J.: 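Sharing a structure here in structure tokens format.
All values reported here derive from a predicted model rather than from experimental measurement. One is the number of the first residue; the rest follow in order along the sequence.
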Amino acid sequence: MRSGVTNIFPSPQLANYLMKISIGTPPQDIIGVADTGSDIIWTQCEPCSYCFNQTRPIYRPRVSSTYNTTTCGSTTCMLVPMRSCTTSDNTCLYLVVYGDLSYSSGELATETVTVESTVTGTSYAFTNVVFGCGHRNAGMFTDDQSGIIGLGGGPFSLITQMGSLINGKFSYCLVQMFSHLERSSKMYFGDDATVSGDGVVSTPLFSGNPNTFYYLNFEGITVGGQRVDFYTTKPTLVEGNIIIDSGTSLTLLPESFYNQLQLAVRRSMQDILPVGSDPQNNLSLCYNPLEAMDLPIMVAHFNGVDLELDPMNTFVRLSNDSICLAFAPVDGVVIFWESSTNEFFGWL
């Protein structure tokens with residue numbers, strides 16, 4: 001596989017982007033969150049001792065001729081940050097916990113993973129791919145999902161395990177999350193991953209420590225002619241200062257910067273009174289959609305790039321009575337939600 005294209009499609013319920021791969025021999029389809037902010041590929045797995053509801057059949061390892069568990073003493077198992085062992089057969093067990101406290105645990109295994117090119121219809125099979133066979137899974141998941149497909153830079157991500165077959169190259173363009181149009185995004189691999197054409201801009205990407213994350217140099221945001229410069233007092237071990245992540249549903253910013261950004265938005269909409277926070281109190285600046293007809297266009301500033309952000313991506317409509325700024329303060333990892341841009345992301 002020197003090149004290929006597959007689809008990513010929006011799931012507005014939790015503002016995730018999903019992609020399909022197949023696992024096993026014969027192949028069993030799974031739908032997972034396309035997540036550049038994590039590594040491991042995992043899917044719900046029979047027997048399920050505690051799982052969230054999903055509409056598609058749950059993956060059955062017993063009917064696959066290529067399913068193999070990994071042992072506790074193996075190099076593969078030792079690379080898992082949170083691991084344990086079964087006492088009966090020394091099988092390696094994994095646990096992964098995400099920022100919203102969603103989790104998956106089960107057997108660390110290897111399988112044949114198949115990715116279909118939506119352009120040519122050709123299927124590409126990758127053998128001995130490490131993945132998580134999740135017997136206990138819970139958290140922020142919807143019934144159209146089977147698990148998570150990690151696209152980060154760590155050893156167990158789909159991208160890393162495809163390796164030299166794609167020359168480590170992938171890119172994608174995300175369609176708008178909240179749109180009445182039923183469109184899918186495209187993910188490109190290998191030689192097809194080149195991002196070019198009119199209007200294309202680029203900024204450096206940096207790998208982090210751990211090497212799961214992709215970092216950017218974020219310099220600030222302009223709202224209605226007022227620029228809010230970004231700075232952080234926290235020391236970093238990488239050149240970038242913000243993670244770009246397709247698997248989160250909000251842009252998360254340091255509280256001091258968020259407060260300045262919110263003030264700039266309020267000033268740009270000074271003739272319209274906010275209606276308070278959303279019902280879950282995750283988003284603190286909301287307006288009545290009938291009154292807020294002219295939302296501000298923002299410009300995000302990165303190293304060497306000024307990127308215009310459409311209001312459809314910086315605000316989220318939660319109900320007929322509420323449209324909210326899709327940014328939130330955080331005292332921790334700073335994350336830029338990729339749907340805020342609707343632009344290409346490429347790792348070359």
Side-chain angles (χ1 to χ4, degrees), residues 15 36-37 99 174 176-177 195 199-209 212-274 277-278 281-287 292 294-316 323-347:
T36 59
L174 300 177
Q176 291 177 335
M177 174 63 68
V195 181
V200 170
V201 295
S202 63
T203 189
L205 281 169
F206 305 98
S207 58
N209 184 17
T212 297
F213 302 124
Y214 305 109
Y215 286 84
L216 302 174
N217 268 322
F218 179 51
E219 298 177 351
I221 294 181
T222 294
V223 184
Q226 179 182 349
R227 176 162 172 152
V228 183
D229 287 320
F230 179 79
Y231 61 90
T232 178
T233 58
K234 293 186 177 181
T236 60
L237 299 177
V238 296
E239 294 185 63
N241 57 11
I242 192 168
I243 294 168
I244 187 164
D245 185 1
S246 63
T248 188
S249 56
L250 295 171
T251 292
L252 305 178
L253 301 167
E255 186 170 7
S256 59
F257 179 81
Y258 171 80
N259 290 337
Q260 295 178 65
L261 175 63
Q262 186 189 109
L263 181 59
V265 173
R266 286 175 177 268
R267 285 174 176 168
S268 72
M269 302 180 65
Q270 56 186 347
D271 295 332
I272 304 174
L273 291 177
S277 61
D278 73 289
N281 289 317
N282 294 322
L283 304 174
S284 59
L285 182 60
C286 301
Y287 293 92
D294 191 19
L295 296 168
I297 293 175
M298 302 185 194
V299 178
H301 307 287
F302 297 96
N303 183 9
V305 171
D306 297 322
L307 190 62
E308 186 174 291
L309 307 179
D310 189 278
M312 184 172 286
N313 304 112
T314 53
F315 288 82
V316 55
I323 186 168
C324 302
L325 182 66
F327 296 76
V330 65
D331 183 21
V333 177
V334 184
I335 298 175
F336 195 84
W337 180 35
E338 290 184 52
S339 183
S340 297
T341 64
N342 278 130
E343 298 297 324
F344 268 106
F345 168 89
W347 181 253

J.: Can you name the side chain to side chain contact (heavy atoms under 4.5 Å, CB included) partners of D306, sequence neighbours left out?
T.: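 Checked D306 against side chain to side chain contact (heavy atoms under 4.5 Å, CB included); matches are V299, H301.
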J.: Any heavy-atom pair between the side chains of R266 and P274 that's under 4.5 Å?
T.: yes
J.: Would you call L295 and T314 a side-chain contact if the rule is heavy atoms closer than 4.5 Å?
T.: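 No, side chains not in contact.
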J.: Return the set of residues passing salt bridge (Lys or Arg N to Asp or Glu O under 4.0 Å) with D229 (not counting sequence neighbours), or none when no residue passes.
T.: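 Partners of D229 by the salt bridge (Lys or Arg N to Asp or Glu O under 4.0 Å) criterion, ordered by chain and then number, come out as R227.
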J.: Tell me, do I243 and Y215 make a side-chain contact under 4.5 Å, heavy atoms counted?
T.: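 Yes, side chains in contact.
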J.: Using the six-membered ring wherever Trp is involved, compare the ring planes of F257 and F218 and label them parallel, tilted or perpendicular (cut-offs 30° and 60°).
T.: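 Ring orientation of F257 relative to F218: perpendicular.
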J.: Less than 4.5 Å apart, any side-chain heavy atom of L253 and any of V334?
T.: yes
J.: Just to verify, what does L263 make a side chain to side chain contact (heavy atoms under 4.5 Å, CB included) with, not counting sequence neighbours?
T.: R267
J.: With sequence neighbours left out, write down each residue that passes side chain to side chain contact (heavy atoms under 4.5 Å, CB included) with T203, or none if nothing qualifies.
T.: L216, F302, N303, V305
J.: Rounded to the nearest 0.5 Å, what's the gap from CE on M269 to CG on L325? Could you check?
T.: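 Atom-to-atom, M269:CE and L325:CG are 9.5 Å apart.
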J.: Run the ring pair (Phe, Tyr, Trp, His ring centres under 6.0 Å) test against Y258 and tell me which residues pass, sequence neighbours left out.
T.: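 If we apply the ring pair (Phe, Tyr, Trp, His ring centres under 6.0 Å) test to Y258, skipping adjacent residues, there are no hits.
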J.: Going from CZ on F336 to CG on L252, what distance comes out if it is rounded to the nearest 0.5 angstrom?
T.: 11.5 Å
J.: Does the side chain of V223 reach to within under 4.5 Å of the side chain of L261, using non-hydrogen atoms?
T.: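 They are in side-chain contact.
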J.: Evaluate the criterion side-chain contact (heavy atoms from CB on, under 4.5 Å) for residue pair I244 and L205; output intermediate values, then yes/no.
T.: CA-CA 9 Å; I244 187 164; L205 281 169; 4.2 Å; yes
J.: Could you check if a side-chain atom of P254 sits within less than 4.5 angstrom of a side-chain atom of F230, using non-hydrogen atoms only?
T.: yes
J.: Check whether any side-chain heavy atom of N241 lies under 4.5 Å from a side-chain heavy atom of N217, and answer yes or no.
T.: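 In short, these two side chains touch, coming nearer than 4.5 Å.
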J.: In terms of heavy-atom contacts, does CG of D294 have more than 12 from other residues, nucleotides or ligands at under 6.0 Å?
T.: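 Open.
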J.: Examine distances only and state if a side-chain atom of T251 and a backbone atom of F327 form a donor-acceptor pair shorter than 3.5 Å.
T.: no
J.: How far apart are the closest heavy atoms of P296 and V265, and which atoms are they?
T.: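 In this case the closest contact between P296 and V265 is CG-CG1, 4.4 Å.
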J.: Would you say the side chain of P311 lies within less than 4.5 Å of the side chain of I297, judging by non-hydrogen atoms?
T.: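 I297 vs P311: side chains touch.
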